[in-house]
Each structure stands twice: as structure tokens, then as C-alpha cells.
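The structure appears right after this line, and notes come after that.
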Amino acid sequence: MNIRFDRMDVFRNRLSQYATLNDDAWTKFDQIDFQTRAFQSGDDIIRVGETPAKIFIVKDGWAIRHRSLDDGRRQIVNFMLPGDVFDMQVIAGVKADHSITAVTRTVVATVIADQFISVLRSDADVAAAFWWAAVQEESILREQIVRVGRRSAKERIAHLLLELQRRLRAATGGAEDHLPMPLTRTDLADALGLTPVHVSRTMSALRRSGLIDESRGQVTILDRKRMESLSQFDTDYLHVRKLDFAAPADLRSVSHSSLSNGAISSHTHHPRVPRKDN
């Protein structure tokens with residue numbers, strides 16, 4: 001089943017966090033033969049050890065990136081939300097060192113790596129936007145290390161809820177203080193290095209403190225400022241400021257070589273920096 005890219009608003013919103021791309025850039029995506037595939041809750045989208053041949057874009061639903069030990073213990077490394085792109089290691093042709101599993105019914109758009117790379121090679125602004133998205137993911141993983149390694153249980157849960165809400169709102173819009181919550185207590189425990197019982201007790205404590213409310217599969221953030229103060233949450237690590245893509249004409253003339261052997265090359269004479277007005 002083919003899809004037109006102009007229907008994938010979550011991806012547009014996601015990439016538009018990092019750059020204001022012109023119509024020509026989106027036209028290049030429209031010309032790609034995207035395929036859609038649906039996974040049910042619990043289905044593996046990627047299994048560790050596989051060598052994926054395609055890049056995935058989450059159109060709808062939630063998934064988890066995780067590693068499991070031989071005895072079944074699981075560590076959730078990150079959450080894949082609408083608009084997220086994975087797994088970029090397909091560009092290098094390497095085996096997956098993790099698994100990605102659907103938490104809810106998850107619909108993904110897939111594209112053969114060569115087609116995707118051709119778009120990046122043809123437009124320096126698009127390539128740089130994806131690079132900035134990769135910077136964000138690295139930063140999220142660093143924050144996950146700090147969250148699990150140094151924060152208390154209450155701080156971990158508060159921080160993760162704020163992060164997920166901020167990321168989801170950027171892709172799908174919606175109310176500022178509401179977060180759909182398809183994650184089980186076990187999912188949260190496996191992401192935060194806690195037990196499900198500890199997660200339940202801590203969520204109850206957050207409710208009693210007037211910080212959150214839970215109802216019908218949704219978390220409502222009642223006091224954002226106190227939550228941010230409690231967990232030392234700062235959106236800077238999400239890198240939500242846009243890059244300035246006012247690329248000079250001479251740079252655009254060589255944009256076809258902005259990727260070399262699948263890697264984004266640097267242009268030292270025309271650095272792109274985050275704009276402070278976004």
C-alpha cells in the first residue's frame with residue numbers, strides 16, 4: 001500500500017522542529033515510494049541481530065527500543081513516537097544491536113535506504129535537518145543515563161513524563177498538559193530501572209502531591225513548574241531550536257555532494273547554528 005508524504009503530518013511536524021524546509025524539499029519526499037505497514041502491540045518491528053534493509057518512520061502509535069538479557073530482563077532505552085525515524089544504521093549496512101517492539105498498534109512508513117539517501121544527497125538543508133534530529137536522539141540517550149543513574153524514583157518518572165509529553169506535542173499538537181499513556185507499569189519500570197511496584201507507589205505519590213492525575217489511559221500534568229523543578233527538567237537537551245538554513249547559493253550548488261559514502265559532510269565555511277528566536 002503506497003502513501004503520499006503529504007498525509008504524514010507528524011513527520012512534517014517532527015522535521016520542522018529542526019528546519020524550515022522549502023516546498024522543493026518536501027516535493028523530493030513526495031517522489032519516494034513509501035510503503036506502510038501496521039504492527040500490533042507486542043510485534044517486533046526490528047529484532048536484534050537483523051540487518052534491516054529499510055528506514056522506518058512512525059506514522060501512528062508507540063514503540064520501544066530495548067535490549068534484553070539472556071534471563072529475560074529488559075532495558076528500554078528509548079520510546080519511538082509518531083514522527084520519529086529509525087533505524088538509520090541501515091545506511092551503514094550493520095546489524096541491529098537492539099530490538100524495536102510496538103507498544104500499541106503502530107503504523108510505520110518504510111523506505112529503501114538508497115532512496116532515502118538520494119534525498120539527503122540532493123538537499124543540504126534536509127541532510128542537516130536529519131543530522132540535527134540525530135543530535136537530539138543522542139542527547140535523549142545521554143539524559144536517560146543521567147535519569148537512571150542519578151535521579152530518585154520520583155524524579156525519574158516526573159522527568160520522563162515531561163519528556164514524552166514535550167516530544168509528542170511537537171509531533172501531533174494537542175493540549176500542553178495532557179499525555180496519552182499506553183505504557184504499563186512494567187514498561188515504565190524497565191525504562192527507569194525500577195520495579196513495577198515501585199513505579200505504582202511513586203505514581204501514587206505524584207498524584208497525592210497534586211503534580212499529576214491519571215484517568216482513562218491519560219496522564220494530566222497539573223503543576224508543570226513544580227514537576228520541572230522536582231526533576232530538574234530543562235528542554236535544552238531536546239534541541240528544539242531550529243537551525244538557520246539560509247544556505248548561500250554556492251553551498252546549494254554543491255548540495256548534491258553533501259553526503260559522501262552515506263555520511264553527512266561538513267561545510268566549514270557556512271556553519272549552521274541554532275536560531276535563538278525559536
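Computed from a predicted model, the values in this text were never measured in an experiment.
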**OP:** May I ask you to check whether over 12 heavy atoms, not counting those of Arg201, lie within 6.0 Å of atom CZ?
**Re:** no
**OP:** State whether the number of non-hydrogen atoms from other residues, nucleotides or ligands found under 6.0 Å of Asp70 atom CG is greater than 12.
**Re:** no
Original post:
Which heavy atom in Leu168 sits nearest to a heavy atom in Pro180, and how many Å separate them?
Top reply: CD2-CD, 3.6 Å
Original post:
Are Ile140 and Leu161 connected, step by step, through hydrophobic side chains (Ile, Leu, Val, Met, Phe, Trp, Tyr) whose heavy atoms are closer than 4.5 Å?
Top reply: yes
Original post:
Can you tell me if Arg65 uses its side chain to pair, donor with acceptor, with the backbone of Phe86 under 3.5 Å?
Top reply: no
Subject >> Pair Ser118-Arg121, side chain to side chain donor-acceptor pair (under 3.5 Å): steps then yes or no >> reply: CA-CA 5 Å; Ser118 69; Arg121 282 179 171 159; over 6 Å; no
**OP:** List the atom of Ala171, the atom of Pro82, and the distance in Å for their closest heavy-atom pair.
**Re:** CB-O, 3.2 Å
**OP:** Look at the aromatic rings of His159 and Phe233 and report parallel, tilted or perpendicular, splitting at 30° and 60°.
**Re:** perpendicular
Subject >> Donor-acceptor contact present, side-chain Thr220 to main-chain His178, <3.5 Å >> reply: no
Original post:
Just by distance, do the side chain of Ser229 and the backbone of Lys225 share a donor-acceptor pair under 3.5 Å?
Top reply: no
Subject >> From Ile64 atom CD1 to Met80 atom CE, the distance as rounded to the nearest 0.5 Å >> reply: 11.0 Å
Original post:
Do Asp84 and Arg167 come close enough that some side-chain heavy atom pair is under 4.5 Å?
Top reply: yes
Original post:
If we ignore angles and hydrogens, is there a donor and acceptor under 3.5 Å between the side chains of Arg207 and Ser204?
Top reply: yes
**OP:** Check whether any side-chain heavy atom of Ile55 lies under 4.5 Å from a side-chain heavy atom of Val85, and answer yes or no.
**Re:** yes
**OP:** Compare every heavy atom of Ala127 with every heavy atom of Leu120, then report the nearest pair and how far apart it is.
**Re:** O-CB, 3.6 Å
Original post:
If Ile, Leu, Val, Met, Phe, Trp and Tyr residues are connected whenever their side-chain heavy atoms lie under 4.5 Å apart, and connections chain through other members, are Phe34 and Val107 in the same group?
Top reply: no
**OP:** Any chance you could measure Arg147, atom CZ, to Leu141, atom CG, to the nearest 0.5 Å?
**Re:** 9.5 Å
Original post:
Less than 4.0 Å between a side-chain N and a carboxylate O, is that true for Arg185 and Glu214?
Top reply: yes
Subject >> Heavy-atom closest pair, residues Asp97 and Arg67 >> reply: O-CD, 2.7 Å
Subject >> Trace of the side chain to side chain donor-acceptor pair (under 3.5 Å) decision for Gln232 with Arg150 >> reply: CA-CA 12 Å; Gln232 300 183 55; Arg150 284 292 177 260; over 6 Å; no
Subject >> Main-chain N/O of Leu162 paired to Arg224 side chain as donor or acceptor, under 3.5 Å >> reply: no
Subject >> Donor-acceptor under 3.5 Å (Gln75 side chain, Asp190 main chain) >> reply: yes
Original post:
Run the side-chain contact (heavy atoms from CB on, under 4.5 Å) check on Leu164 and Val219 step by step: do they pass?
Top reply: CA-CA 11 Å; Leu164 292 174; Val219 171; over 6 Å; no
**OP:** Considering non-hydrogen atoms only, spot the tightest contact between Val77 and Gln144 and give its length.
**Re:** O-CG, 3.9 Å
Subject >> Donor-acceptor pair, side chain of Arg151 and main chain of Arg156, under 3.5 angstrom >> reply: no
**OP:** Could you tell me whether the side chain of Ser99 and the main chain of Val48 form a donor-acceptor pair under 3.5 Å?
**Re:** yes
Original post:
Got a donor-acceptor contact below 3.5 angstrom from the Thr104 side chain to the Trp62 backbone?
Top reply: yes
Original post:
Between Gln40 and Arg105, does a side-chain contact (heavy atoms from CB on, under 4.5 Å) hold up when you go through it step by step?
Top reply: CA-CA 4 Å; Gln40 301 305 314; Arg105 183 180 184 275; 3.7 Å; yes
Original post:
Say you draw a straight line from OG1 of Thr101 to NE2 of His66; how long is it, rounded to the nearest 0.5 Å?
Top reply: 3.0 Å
**OP:** Say whether Leu238 and Ile157 are linked into one hydrophobic cluster, either directly or through other cluster members, by side-chain heavy-atom distances under 4.5 angstrom.
**Re:** yes
Subject >> Spacing of Lys59 atom NZ and Thr106 atom OG1 [to the nearest 0.5 Å] >> reply: 13.0 Å
**OP:** Using atom types as modelled and distance alone, determine if a side-chain donor or acceptor of Thr186 lies under 3.5 Å from a backbone N or O of Pro196.
**Re:** no
**OP:** Say whether, by atom type as modelled, one donor and one acceptor occur between the side chain of Thr195 and the main chain of His198 under 3.5 angstrom.
**Re:** yes
Subject >> Nearest heavy atoms of Ile46 and Ala96, plus distance in Å >> reply: CG2-CB, 3.7 Å
**OP:** Salt-bridge test for Arg74 and Asp187: reply yes if a basic N is under 4.0 Å from a carboxylate O, no otherwise.
**Re:** yes
Original post:
Under a single-linkage definition using a 4.5 Å side-chain heavy-atom cutoff for Ile, Leu, Val, Met, Phe, Trp and Tyr, are Val148 and Ile76 assigned to the same hydrophobic cluster?
Top reply: no
Original post:
Do Val119 and Val111 have side chains that get closer than 4.5 Å, going by heavy atoms?
Top reply: no
Original post:
If two hydrophobic side chains count as joined below 4.5 Å and joins carry through other members, does Leu81 share a cluster with Val103?
Top reply: yes
Subject >> From CD (Gln165) to CG (Leu160), nearest 0.5 Å >> reply: 12.0 Å
Original post:
At what distance, to the nearest 0.5 angstrom, does CD of Glu163 lie from OH of Tyr237?
Top reply: 3.5 Å
